[in-house]
There are 2 protein chains.
Amino acid sequence: MLDNRKKRILQAIIEEYIQTAEPVSSGMLSKKYDLNFSSATIRNDMAELEYANFLDKPHTSSGRVPSGKGYRYYVNELLKDNNITKEEMQYIKLKLEQKVNEIEDLTKIATSTLSEMTHYTSLAIGGTAISHNIEDIKFVLLGNRVLMAVILTDGGLIKETIIKFNADITEEQVRNINQIFNANLRGKSLAKIDKPMEEYIVSEMSYELQIIKPIIEQINEAILQNDDIYLEGTNRIFEMPEFKSYETARNFLNVIDTKELIKELLNTGQDEGIHISIGDENQYIELKNFSLITFKNIVEGKEMGTIGIIGPTRMDYSKVVSIIKYMLKELNE
Amino acid sequence: MLDNRKKRILQAIIEEYIQTAEPVSSGMLSKKYDLNFSSATIRNDMAELEYANFLDKPHTSSGRVPSGKGYRYYVNELLKDNNITKEEMQYIKLKLEQKVNEIEDLTKIATSTLSEMTHYTSLAIGGTAISHNIEDIKFVLLGNRVLMAVILTDGGLIKETIIKFNADITEEQVRNINQIFNANLRGKSLAKIDKPMEEYIVSEMSYELQIIKPIIEQINEAILQNDDIYLEGTNRIFEMPEFKSYETARNFLNVIDTKELIKELLNTGQDEGIHISIGDENQYIELKNFSLITFKNIVEGKEMGTIGIIGPTRMDYSKVVSIIKYMLKELNE
DNA sequence: CGTTAGCAGTCAGATGACAAGAGTGCTAAA
DNA sequence: TTTAGCACTCTTGTCATCTGACTGCTAACG
């Protein structure tokens, strides 16, 4: 589709633009990159690349800027994903090997490390427990009317939730509940805790509905809940020249400040692997000047959370993807 | 110290400046506010107010702008703290009456409500449990080597923490630990869980140190821990004209993005009541263009968290203080 | 036929001059 | 003590001009 020289030129333009954020000129390319063609030749190719919509031109007499299509081609065809140094690898390893008590802490560390290394804003959300199996479930009575349920999953997630009752609960009842739930649920998928389960316990075990119902409801909520959003490096945005403009910076902050939007961005169904969404490709217009790179941290089929990087379309895809790939590998241990 | 007319003029200037963010001129004052003096008279007073450092002048031929000292005088002497409408009161009531499972959720709601109503960025940190007494403490074994401690305080705080062991723990041991801790600690202040307590349990009750030590350590950490920072309305900053300047906006974001700084700001020892820190008064130079209004939510002597508002020095102190006062009253129920 | 030198044309951005407008400070009179 | 009036100051916006960085095109070259 594109001949070799055009590919090289496109690549050079994109990489140059990623670095400088300035429109790239033909003269610059022929000098700085050793393409061994005169600026005139490059100019001809640039004109064709522009005609084919890989490049844009801010105005008649300016250099070229990559278009969305250009970035997409670059990401799909030209991207090197081993753009990572030994030092960077070691640093990631070091960070991820910290002792943590809960999986969520690991997600937090990964998020901040990612932002630190890429210099972009990173965001993450904890995983729901829906894909996990129950390893242990315990109920604890706190005071007389407050019950806490603690669920340990085989993925190592710990979800706790509080259930409040209108009447006193006895220790005896707690023991019963503990026994019923463990007998029925241990080893089972958390997706199993639902209405039929509630009915089963109430009818088969003839246990009071007004106790079981709120428990099941709360546990279900806790399993599906992933409201904890981690955001790291919001201020990084100011390191990029394109955000010197008040409007773009404001726009960015508006996106970042809308928790529901972030939640949606990260939760939107995506399977394993790294997902890249460039400019216009994003499903929200607010993000049309941004690129989003996200990945689910899935360990042995169990979802642990979703992490993402958000930055200008002029993002250093190569660096970010390389770092994420390595990080994913490390997270699997 | 200041005669009546000067006070009125100072107040008018500050209130006008808070609204418009533009230097205030003598002509404007004599027209818009019914001071019944000519602009020349007002001009004379303004010159004196400037000489006494209550006002600044951006340049020779411009209107006046309040100085730090001016704001401080305004806040101390001229501020009306009942600047709140019935609708606003109702709205606060409505928000705070939502059913919540944990105190932290209440702090979260208060924070977002505050930001929403004042149009400034609000921030908060959960309280440590140090000022609380233990109402109940429970240990739950999750798997074989993971113990979870759940502490319920008389203030209604629930703190949970995870303790990992290198060797298996038996259910028998858990029962023992439960009994020992409840026997020794129920009703006592959480500040009591420390080294001496550890030694006491180990020597008097002759219980193994390698089990008790990590438990006490972790519990202590959990009591003192208040890492959860809530931030609401970061993007509000862009609603203020003074932050159209790239530098100030960037500066603001840098502050907001530094979790340690926020933690410090909110945790810095302050007793009951509303604390106002204006511009230069802030102990961090990064904040010299900002004002910070903070208050601890203390219910019956028990700390529940600290909430704050951060905005330009040109902040609507009257509105913010009025809202906070009412909110504090409501939070005490 | 692909490549290149050379040149005219285009446009953004910087610079400086200039006028308008908003305020002040000061003086003299009420 | 207050006020009208006027000269002076400084910011802001506008406009014209200039410079430099590119491109596109044409004609020549290997």
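Just so you know, these numbers come straight off a predicted model, no measurement behind them. Within every chain, numbering begins at 1; the chains are lettered A, B, ... in the order of the sequence lines, protein sequences first and strands thereafter.
- The distance from atom CG of A:Leu29 to atom P of C:dT4 is 14 Å, rounded to the nearest whole Å.
- B:Thr41 and B:Ser38 share a side-chain donor-acceptor pair at under 3.5 Å.
- Dashed line: the shortest gap from a side-chain N or O of A:Lys57 to OP1 or OP2 of D:dG24 is under 4.0 Å.
- In this structure, A:Glu22 atom CD and C:dA12 atom P are separated by 14 Å, rounded to whole Å.
- Judged by distance alone, with hydrogens and angles left aside, B:Ser61 brings a side-chain donor or acceptor within reach of the base of D:dT9, the pair sitting under 3.5 Å.
- Taking atom CD1 of residue B:Ile42 and atom P of nucleotide C:dG25, one finds them 13 Å apart after rounding to whole Å.
- Note on A:Arg43: every side-chain N or O is 4.0 Å or more away from OP1 and OP2 of C:dG6.
- Between A:Arg236 and A:Glu239, at least one side-chain nitrogen of the basic residue sits less than 4.0 Å from a carboxylate oxygen of the acidic one, meeting the salt-bridge criterion.
- Between the CD atom of B:Glu48 and the P atom of D:dT1 there is a distance of 10 Å, given to the nearest Å.
- When the side-chain nitrogen and oxygen atoms of B:Ser25 are compared with OP1 and OP2 of C:dA22, none of them lie within a distance under 4.0 Å.
- Side-chain N or O atoms of B:Thr121 include one that pairs as donor or acceptor with a backbone N or O of B:Gly233 at under 3.5 Å.
- Donor-acceptor pairing under 3.5 Å is recorded for the side chains of A:Thr234 and B:Asp257.
- Checking the phosphate oxygens (OP1, OP2) of C:dA22, no side-chain nitrogen or oxygen of B:Lys31 falls inside 4.0 Å.
- Among the protein residues, B:Ser62 comes within range of the sugar-phosphate backbone only, with heavy atoms under 4.0 Å from sugar or phosphate atoms but none that close to a base.
- Following rounding to the nearest Å, A:Asn36 (CG) and C:dT4 (P) show an atom-to-atom distance of 9 Å.
- The shortest distance between the side-chain N/O atoms of A:Ser38 and the OP1/OP2 oxygens of C:dT4 is below 4.0 Å.
- When distances are taken from the side chain of B:Asn44 to each of D:dT9, D:dT3, C:dC11, the shortest belongs to D:dT3.
- With D:dT23, D:dT9, C:dT24 as the candidates, the nucleotide lying closest to the side chain of B:Arg64 is C:dT24.
- Residue contacts shown for B:Ser39 are absent, as no nucleic acid heavy atom lies under 4.0 Å away.
- Side-chain contact, A:Glu15 with A:Gln11: a donor N or O sits under 3.5 Å from an acceptor N or O.
- If you check D:dT9, C:dT4, D:dT11 against the side chain of A:Ala40, the one that comes closest is C:dT4.
- When distances are taken from the side chain of A:Arg5 to each of C:dG23, D:dT23, C:dT3, the shortest belongs to C:dT3.
- Residues A:Met28 and B:Phe37 each lie close to DNA chain D; by heavy-atom proximity, the contact nearer the 5' end of the strand is made by B:Phe37.
- Here the C1' atom of nucleotide D:dC22 and the CD atom of A:Glu16 are 15 Å apart, to the nearest Å.
- Atom NZ in A:Lys6 sits about 9 Å away from atom P in C:dT3, given to the nearest Å.
- Set against C:dG25, D:dT23, C:dT3, the side chain of A:Ser26 has D:dT23 as its closest nucleotide.
- A salt bridge does not link A:Asp271 with A:Lys296: every distance from a Lys NZ or Arg NE/NH1/NH2 to an Asp or Glu carboxylate oxygen is 4.0 Å or more.
- As rounded to whole Å, 12 Å separates atom C1' of D:dG24 from atom CE of A:Met46.
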